[in-house]
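Everything on this sheet refers to the single structure shown next.
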Amino acid sequence: KEGEDTATVNDTVQEEKKFLTEPLVTDIYTADPSAHVFDGKIYIYPSHDYDAGIAENDNGDHFAMKDYHIFSMDSIGGKVTDHGVALDVKDIPWGGRQLWAPDAAYKNGTYYLYFPLKDKNDVFKIGVATSKNPAGPFKAEKEPIKGSFSIDPAVFMDDDGTTYMYFGGIWGGQLQQWENGKYDANGSKTDNEKPDSPALNCKVAKLGKDMLQFDGPVMDVVINDSLGKPLLTSDHDRRFFEGSWMHKYNGKYYFTYSTGDTHYLAYAIGDKPTGPFTYAGHFMQPVQGWTTHHSIIEVDGKWYIFYHDTELSGKTHLRNIKVTELTHNPDGTIEMINP
Ligand code: FUB
């Protein structure tokens, strides 16, 4: 603007750019950030990584997390506040081990924290805990959500208030062990092991009015290619692996997810929250570290992606969360992010 001090404007732009490439939290390890704007503030619900001294394996045993911290910021680029331990595995009555990627939602004065955790039989289920405060502390329900399984809950509230939970992850996330609707302890440790068949799908279920249970069946999140054919198991560059998210942009539903062993973030677009979705491409190149997991939110008319890498530790299970801008192109595609 006329008369504005150019030096100050440039400094602000530089500061924001710097912020957008740096870890948000540096004193503990954090990963899998699910971000939300609640009551005008940005809240981040990440996993809390630590080193349990467990050797790396394909089952993900080295991701041995046992509590959650919640963070908040007044604005993107603002001070990040750590609100301390919001939920500890010792306070979850049905809990065994491994508190993985959580998400949160708000309805009628209550905040809900959704989390994957292995039960006492070492089977991943999804639990829920409640609080009157977005930063917790949260109190867990006595049992996991009935009919839930696998990992990575992502909760999306549509404009009409209908709320959906997307969930699932293959390999250590155990989705493939539920292929026939029941947990198979001796099932595949990776995927459905049928390279030329449709890939395993992420799952979606409506949440009931109480936000504590599913209301209706668990459905498949079908991703088709541009010819309307489902993506195949062998299509590792494009098929769903884990870490889903849903956002709505210009009336379309954007289902975003990690391709896991090929380390991309990919997206598929649909006309309904339950799909089917048409594969649209990658939108983030692999980060440093094996896992990739994200969330997408709108803040003051701009879109941001929260994600993680391993800049601080160089170790795949000791991650740090970051945020950067995300751009929707005029044709509805998402601009590629190269972290
Ligand atoms: O943090 C543990 C697991 O790693 C998450 O559940 C996955 O999405 C991956 O980020």
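Atoms within a ligand are numbered from 1 in the order they appear, just like the ligands themselves.
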Quiz item: Starting from atom 7 (C) of ligand 1, which protein heavy atom do you reach first, and at what distance in Å?
Solution: Glu242 OE1, 3.4 Å
Quiz item: Got the closest protein heavy atom to atom 3 (C) of ligand 1, with its distance?
Solution: Trp100 CE3, 3.8 Å
Quiz item: With no hydrogens and no angle check, do the side chains of Thr233 and Asp191 hold a donor and an acceptor under 3.5 Å apart?
Solution: no
Quiz item: Taking only heavy atoms of Met65, which atoms of ligand 1 are found under 4.0 Å from at least one of them?
Solution: 1 (O), 2 (C)
Exercise. Verify the distance criterion only: is there a donor paired with an acceptor across the side chains of His328 and His247 at less than 3.5 Å?
Key: yes
Quiz item: If we only count N/O pairs under 3.5 Å, is Asp152 in contact with ligand 1?
Solution: yes
Quiz item: Quick one: does ligand 1 sit under 4.0 Å from the side chain of His294, the backbone, both or neither, non-hydrogen atoms only?
Solution: neither
Self-check item: Nitrogen or oxygen of Asp32 less than 3.5 angstrom from that of ligand 1
Solution: yes
Quiz item: Against heavy atoms of Thr291, which atoms of ligand 1 measure under 4.0 Å?
Solution: 4 (O), 9 (C), 10 (O)
Exercise. Tell me yes or no: between the side chains of Asp158 and Tyr253, is some donor less than 3.5 Å from an acceptor?
Key: yes
Quiz prompt | Cationic tip of Lys66 above Tyr50 ring, under 6.0 Å, 45° of axis | solution = yes
Quiz item: Ile296 versus Phe283: any side-chain heavy-atom pair under 4.5 Å?
Solution: yes
Quiz prompt | Residue, atom name and distance, where the atom is the protein heavy atom closest to atom 4 (O) of ligand 1 | solution = Arg319 NH1, 3.4 Å
Quiz item: Looking only at distance, does His308 have an N or O less than 3.5 Å from an N or O of ligand 1?
Solution: no
Quiz item: Quick one: is the NZ or CZ of Arg238 closer than 6.0 Å to the six-membered ring centre of Tyr279, and within 45° of its axis?
Solution: yes
Practice problem: Could you check if a side-chain atom of Val128 sits within less than 4.5 angstrom of a side-chain atom of Ile145, using non-hydrogen atoms only? | Solution: yes
